[in-house]
Amino acid sequence: MVIQSSQQPASGASSYPDPMIDGHFGSYGGQFVPETLMPALGELVAAFGEARSDPEFTRKLADFERTYSGRPTPVHYARRLTERLGGAQVYLKREDLAHTGAHKINNALGQGLLAQHMGKKRIIAETGAGQHGVAAATVCAMLGLQCIVYMGEGDIRRQALNVFRMKLMGAEVRPVYSGTATLKDAKNEAIRDWVTNVNDTYYMIGSALGPHPYPIMVRHFQSVIGIEARTQMLESTGKLPDTVIACVGGGSNAIGIFYPFIGDADVQLIGVEAAGAGVATDKHCATLVAGSPGVLHGTRSYLLHDADGQVMETHSISAGLDYPGVGPEHSFLKDSGRATYVAIDDRTAVGALHLLSETEGIIPALESAHAIAYAAELAPSLSRSHAVLVNVSGRGDKDMETVSRELGLTLGIDADAGGRR
Ligand SMILES: *Cc1c(COP(=O)(O)O)cnc(C)c1O
């Protein structure tokens, strides 16, 4: 398979912002960080700019993607799902088949190699549910880098298995007790560490978020998803997909599959956020659908804040979507109209996880199930000549306990068999 290495969107996107110049996507993005971090961000902008145009770095990354991460991941034509829905043809990009079971490895691998390239041997990361922590620990073990993961004390208790995975691979997990002891507090602590140890430390952010250059750097490393999928769709259907759908937490898997299609004006891009218990309640994390612009964790973007301007406590059944912010490029894409954002609630996502499991034998992550759910709502109203490409960002093994609690009784499957409840 021919994989194009072009990282600029195809023709037709000449008005698209190039944040390498000023770090902004229209009025979004930027570098809202303490003064002491500005030199480190400057160093990172330079190192990333050099690495992405260095054929040696690019070749090394591509080699590891092939031999370590298991790329390219396939595109699967979902025949039985398509028949069940009775409309558009549904294709699945299988990021669930990447090493560690999700797309997060693409970014961790790219940034790990960049850290090594910069001569930094100490890696810090923050994690919520533990999925980025596991991806960071994985890559650090493989490259022989020290790995310290900041994690809220509450999350450590809830995600004991991911904590065990990280430790097994040699990472140190540092509990964070401040605030609500969750992801945003872990992020604050990681930033504090970076300020103190900036000379020998590389800060590995897990989504297309944070101060410039992180949003475009994460996009660069995740774009391999869309670059592959574009070629794979052309090879198997002879045309580009009409619609591309991906779930949006921070926005890394979505921007990874969207970006190589941005210049293809006929390709509709749809991001699916988590509506949790409903967008009308205060238990959701549909940032683009229901939020408004503000500044969080170093970047200006859409945010969920309450009437007093305080960042909202969010909720989703899928831990990976449960964050009150979103990457700045998605804010730009929303305002410009190039991409559309919708939200799917917990119950509908669980139903879609079940639907994909029984029609295709693929158990998606609960995050990815949000994208499947929207595809399932859309497909029946479209013609049979319409092709919908859905990004299956990860596999659902990690969610089986949650799903068995939600669905076991309804399905008559004995979720208590293991005596867990
Ligand atoms: C973390 C995660 C997400 C959400 O993160 P994005 O940066 O929005 O992609 C989605 N799917 C899976 C499987 C994840 O682990």
Side-chain angles (χ1 to χ4, degrees), residues 73 92-108 110-111 125-136 138 155 159 162 165 183 186-187 204-210 214-215 217-226 244-259 270-274 285-288 297 299 301-302 314 316-331 333 339 341 343-344 349 352-353 356 362-374 390-400 402-403:
T73 59
L92 308 173
K93 178 61 172 165
R94 300 285 312 276
E95 289 304 291
D96 58 310
L97 294 178
H99 180 43
T100 70
H103 70 290
K104 284 198 171 71
I105 193 77
N106 304 329
N107 171 51
Q111 289 198 55
E126 82 287 316
T127 197
Q131 287 150 230
H132 172 54
V134 168
T138 300
D155 287 335
Q159 307 289 342
N162 275 342
R165 281 190 185 101
L183 177 61
K187 264 189 202 293
M204 189 184 276
I205 293 185
S207 189
L209 290 166
Y214 286 101
M217 195 160 70
V218 176
R219 175 186 79 193
H220 180 78
F221 295 131
Q222 291 293 1
S223 287
V224 67
I225 304 172
V244 178
I245 304 179
C247 66
V248 177
S252 71
N253 87 88
I255 204 67
I257 197 164
F258 288 177
Y259 190 62
I270 304 177
V272 186
E273 297 191 309
C285 40
T287 312
L288 291 159
H297 295 138
T299 191
S301 192
Y302 274 75
T314 52
S316 168
I317 193 168
S318 60
L321 302 183
D322 196 356
Y323 178 70
V326 67
E329 189 163 10
H330 287 292
S331 296
L333 289 170
Y341 297 87
I344 286 288
L353 180 146
L356 191 67
I362 296 170
I363 303 178
L366 273 170
E367 292 84 359
S368 324
H370 288 71
I372 301 290
Y374 191 72
V390 185
N391 199 22
V392 181
S393 55
R395 66 176 182 226
D397 306 45
K398 67 182 179 55
D399 297 317
M400 287 303 95
T402 308
V403 175

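Since the structure is predicted, the reported quantities are computational estimates derived from the model, not experimental observations. First listed ligand is number 1; within each ligand, the first listed atom is number 1.
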**Request:** With heavy atoms of S393 as the reference, note each atom of ligand 1 found under 4.0 Å away.
**Result:** 10 (C), 11 (N), 12 (C), 13 (C)
**Request:** Tell me which protein heavy atom sits closest to atom 15 (O) of ligand 1, plus the residue, atom name and distance to 0.1 Å.
**Result:** Q131 NE2, 2.3 Å
**Request:** Check ligand 1 against S252 and write out every atom of the ligand that is under 4.0 Å from a heavy-atom position of the residue.
**Result:** 6 (P), 7 (O), 8 (O), 9 (O)
**Message:** As an exercise, identify every atom of ligand 1 less than 4.0 angstrom from a heavy atom of G249.
**Reply:** 8 (O)
**Message:** Under 4.0 Å from a heavy atom of S207: which atoms of ligand 1 are those, numbered in the order shown and with their elements?
**Reply:** 6 (P), 7 (O)
**Prompt:** Do you see a donor-acceptor pair shorter than 3.5 Å between the side chains of S207 and H132?
**Reply:** no
**Request:** State whether the side chain of N162 and the backbone N or O of A129 hold a donor-acceptor pair below 3.5 Å, judged by distance alone.
**Result:** yes
**Asked** So which heavy atom in the protein is nearest atom 4 (C) of ligand 1, and how far is it from that ligand atom?
**Response** G320 O, 3.3 Å
**Prompt:** Does an N or O anywhere in A254 fall below 3.5 Å from an N or O of ligand 1?
**Reply:** no
**Request:** Examine distances only and state if a side-chain atom of D399 and a backbone atom of L366 form a donor-acceptor pair shorter than 3.5 Å.
**Result:** yes
**Prompt:** What's the spacing between E95 CD and Q222 CD if we round to 0.5 Å?
**Reply:** 7.5 Å
**Asked** Would you say E95 contacts ligand 1, with heavy atoms under 4.0 Å as the rule?
**Response** no
**Request:** Check whether any N or O atom of A208, backbone or side chain, sits under 3.5 Å from an N or O atom of ligand 1, and answer yes or no.
**Result:** no
**Message:** Nearest non-hydrogen contact with atom 14 (C) of ligand 1 belongs to which option: E273, H132, K104, E367?
**Reply:** K104
**Short side-chain to backbone donor-acceptor contact, E273 and L288, under 3.5 Å** = yes
**Item:** Within-cut-off N or O pair, K398 and ligand 1, under 3.5 Å
**Value:** no
**Message:** Need the ligand 1 atom indices (1-based, order shown) with element for anything under 4.0 Å from a heavy-atom of G394.
**Reply:** 13 (C)
**Prompt:** Are any of the N/O atoms in G251 less than 3.5 Å from those in ligand 1?
**Reply:** yes
**Item:** Under 4.0 Å to a heavy atom of A365 - the qualifying atoms of ligand 1, by number
**Value:** 13 (C)
**Prompt:** Is a side-chain N or O of S368 found less than 3.5 angstrom from the main chain of S393, in a donor-acceptor match?
**Reply:** yes
**Request:** Under 4.0 Å from a heavy atom of C247: give me the atoms of ligand 1 that qualify, with their elements.
**Result:** 10 (C)
**Side chain K93, main chain T73, donor-acceptor under 3.5 Å** = yes
**Message:** If we count only N and O atoms by modelled type, under 3.5 Å, do the side chains of D322 and S316 hold a donor and an acceptor together?
**Reply:** no
**Asked** Would you find more than 12 non-hydrogen atoms of other residues, nucleotides or ligands less than 6.0 Å from I362 atom CD1?
**Response** yes
**Request:** Anything under 30° is parallel, anything over 60° is perpendicular, the rest tilted; go ahead and classify Y323 against H297.
**Result:** parallel
